[in-house]
Undergrad: 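I'd like to ask some things about the structure below.
Note that the coordinates shown come from a computational prediction; the quantities given were computed from them, not determined experimentally.
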Amino acid sequence: MSVPPSTSSQRNVVFVDGIRTPFGKAGPKGMYADTRADDLVVKAIRELLRKNPNLPPERIDEVAIAATTQTGDQGLTIGRTSALLAGLPRSVPGFAIDRMCAGAMTSVTTTGSGIGFGQYDVVIAGGVEHMGRHPMGEGVDPNPRFLADKLVDPSALVMGNTAENLHDRFPSITKDRTDAYAVASQNKYDAAKKAGFIADTLVPVATKSATGWGLATEDEPPRPGTTVDDLAKLKTPFRPAGRVTAGNAAGLNDGATAAILAGEDTAHELGLNIGMRMVGFSFAGVDPAVMGIGPVPATEKLLGRTGLSIDDIGLFEINEAFAIQVLAFLEHYGIADDDPRVNQWGGAIACGHPLASSGVRLMTQLSRQFAQQPDVRYGLTTMCIGLGMGGTVIWENPNHADYSGAKA
């Protein structure tokens, strides 16, 4: 009589550590104009291993790297190629993921699911986007039925237009409010940078250009000192007399992120840091013409699954693709525009949003904020996603007195 296979029980999934490259401005004048996308990922992976010497590279079970435009130096199954380029053992497999802006978030939730089911012990998850080399939508060929059969509104294929559509749905969120929010994001980022919080999340990157070698040590996009009056003068490129500008939206950026996740038991076994525990995650679809509302149904679904309420969340890391998208989320939950729990270190309007990489930036910052604030038990990372989706992950702070995971 054959013995039935053993079943896998659920395990706690923990975020060990995260890192990112400084984010650059996309285009020929950006600091990464002559730097390959895969080299940005490799730099992040190597820095993770340097910072976590207790992790034997051969114990890594998977490398999942996301990119929205999977071609050129972002193609060729970038999770596998970046693992090889980073010097990981050839026994370490890898794969690529695409969920547009939530690529790195999906890298985390997908490999985290494998940990939770007991099939992985340790993984590396992250994302990259070199929007200077690969503009969003490069080489795509949307099926003509999307428009011919009126499956989506034509505006759904231009993210700035979807942000203007969201303004239409929330008339109380004026341009003045979005500009004020954008200025606050710049100010909070600048304060966090001066306090040394941002530098702690970055790995310096050697850059090459026509004028020689350089070293990228800080984000290129921030505009410290921006005022509401400055933003009021900007053009509204997506609609005449519109509300979305380059000042109240994230720019076009280049950059990469990477994180280590592990089973909590494995983290204890190897002596790895536990930055936070994954409580749950959710993705939801919405009308692509108002993709910015996606974080609301994704969060509603996840709160329902976990039994938590929005009042249980002590820290929010919300990706700032557009200020209107963040404010629509806050307005839905009755949270003030300037609530101190929200994006304490500023957000993508200041530091940039290299599409598929951003989810791990949110998580890296949240884990460090947890370490600073042991009185906060739960935090949330959430983002809108192109083509009409939203994604949310809730995390628990291991430094809280009531932490439900295993103590070291």
Side-chain angles (χ1 to χ4, degrees), residues 18-33 40 129 131-132 160 163 175-205 207 209 214-237 243-257 315-327 330 336-355 357-358 360-362 364-366 368-369 372 383:
I19 201 74
R20 68 178 177 91
T21 68
F23 288 168
K25 293 181 179 179
K29 296 182 179 179
M31 62 189 184
Y32 296 135
L40 294 176
E129 210 72 53
M131 299 180 76
K175 183 177 182 298
D176 288 344
R177 279 180 66 185
T178 56
D179 285 350
Y181 179 87
V183 168
S185 180
Q186 295 282 355
N187 290 340
K188 287 189 289 185
Y189 173 91
D190 193 48
K193 177 183 175 182
K194 290 175 178 175
F197 301 152
I198 303 298
D200 186 50
T201 68
L202 304 180
V203 54
V205 177
T207 62
S209 69
L215 188 66
T217 59
E218 57 185 36
D219 296 317
E220 198 174 18
R223 299 179 296 275
T226 297
T227 68
V228 171
D229 287 341
D230 294 333
L231 299 189
K233 300 170 186 174
L234 297 179
K235 295 179 180 179
T236 58
R243 294 142 296 193
V244 178
T245 72
N248 58 34
L252 305 179
N253 306 111
D254 308 329
T257 60
L315 287 168
F316 295 82
E317 278 293 315
I318 307 172
N319 192 47
E320 297 172 354
F322 300 93
I324 174 61
Q325 156 249 315
V326 178
L327 295 180
L330 298 181
D337 296 3
D338 59 352
D339 190 299
R341 297 172 296 168
V342 177
N343 290 9
Q344 292 189 341
W345 298 353
I349 288 173
C351 70
H353 173 32
L355 300 183
S357 71
S358 289
V360 163
R361 178 187 69 80
L362 302 177
T364 300
Q365 293 189 176
L366 179 62
R368 284 162 169 75
Q369 292 163 9
Q372 295 175 352
M383 60 200 316

Undergrad: Output yes when a side-chain donor or acceptor of S357 lies under 3.5 Å from a complementary backbone atom of T257, and no otherwise.
TA: no
Undergrad: On a heavy-atom basis, which atom in V244 and which in A163 lie closest, and how many Å separate them?
TA: CG2-CB, 3.7 Å
Undergrad: Can you name the residues that form a side chain to side chain donor-acceptor pair (under 3.5 Å) with E218, not counting sequence neighbours?
TA: K193
Undergrad: Would you please name every residue forming a salt bridge (Lys or Arg N to Asp or Glu O under 4.0 Å) with K25, sequence neighbours left out?
TA: none
Undergrad: As a quick check of understanding, evaluate side-chain contact (heavy atoms from CB on, under 4.5 Å) for R361 and T201, giving each step before the final call.
TA: CA-CA 8 Å; R361 178 187 69 80; T201 68; over 6 Å; no
Undergrad: Which heavy-atom pair separates L231 from G247 by the least distance, and what is that distance?
TA: CD2-CA, 3.7 Å
Undergrad: So, for C351 and P222, which heavy atoms are closest and what is the spacing to 0.1 Å?
TA: CA-CG, 4.2 Å
Undergrad: Return the set of residues passing side chain to side chain donor-acceptor pair (under 3.5 Å) with T217 (not counting sequence neighbours), or none when no residue passes.
TA: none
Undergrad: Is the backbone N or O of A182 less than 3.5 Å from a side-chain atom of Q186, with the two atoms forming a donor-acceptor pair by type?
TA: no
Undergrad: Within the 4.5 Å heavy-atom criterion, are Y32 and P22 side-chain neighbours or not?
TA: yes
Undergrad: Can you list every salt bridge (charged side-chain N to carboxylate O under 4.0 Å, His left out) pair that touches residues 219-236, not counting sequence neighbours?
TA: R20-D219
Undergrad: How would you list, by chain and number, every residue that makes a side chain to side chain donor-acceptor pair (under 3.5 Å) with T178, sequence neighbours excluded?
TA: N248
Undergrad: What are the two closest non-hydrogen atoms of A33 and G27, and how far apart are they?
TA: CB-O, 3.5 Å
Undergrad: For L252, give me all partners under side chain to side chain contact (heavy atoms under 4.5 Å, CB included), at least two apart in sequence or on another chain.
TA: A26, M131
Undergrad: What is the distance from atom CG of D254 to atom OG1 of T207, rounded to the nearest 0.5 Å?
TA: 11.5 Å
Undergrad: Identify, with sequence neighbours excluded, every residue that meets side chain to side chain contact (heavy atoms under 4.5 Å, CB included) alongside A192.
TA: F197, I198, W345
Undergrad: Work out which heavy atom in A180 is nearest to a heavy atom in V228; give both atom names and the distance.
TA: CA-CG2, 4.0 Å
Undergrad: Taking side chain to side chain donor-acceptor pair (under 3.5 Å) as the test, write out the residues that go with Q325, two or more places apart.
TA: none
Undergrad: For K194, give me all partners under salt bridge (Lys or Arg N to Asp or Glu O under 4.0 Å), at least two apart in sequence or on another chain.
TA: D190
Undergrad: What salt bridge (charged side-chain N to carboxylate O under 4.0 Å, His left out) pairs are there with at least one residue in residues 336-346, not counting sequence neighbours?
TA: R177-D337, D339-R341
Undergrad: Scan the side chains in residues 315-324 for donor-acceptor partners under 3.5 Å anywhere in the protein, sequence neighbours excluded, and list what turns up.
TA:
{"from": "E317", "atom 1": "OE1", "to": "Q365", "atom 2": "NE2", "distance (Å)": "3.2"}
{"from": "E317", "atom 1": "OE2", "to": "Q369", "atom 2": "NE2", "distance (Å)": "3.1"}
{"from": "N319", "atom 1": "ND2", "to": "H353", "atom 2": "NE2", "distance (Å)": "3.4"}
{"from": "E320", "atom 1": "OE1", "to": "S185", "atom 2": "OG", "distance (Å)": "2.7"}
{"from": "E320", "atom 1": "OE1", "to": "A348", "atom 2": "N", "distance (Å)": "3.3"}
{"from": "E320", "atom 1": "OE1", "to": "I349", "atom 2": "N", "distance (Å)": "3.1"}
{"from": "E320", "atom 1": "OE2", "to": "Y181", "atom 2": "OH", "distance (Å)": "2.7"}
{"from": "E320", "atom 1": "OE2", "to": "S185", "atom 2": "OG", "distance (Å)": "3.4"}
{"from": "E320", "atom 1": "OE2", "to": "N343", "atom 2": "ND2", "distance (Å)": "2.9"}

Undergrad: Evaluate side-chain contact (heavy atoms from CB on, under 4.5 Å) for L202 paired with F23, printing each intermediate quantity in order.
TA: CA-CA 9 Å; L202 304 180; F23 288 168; over 6 Å; no
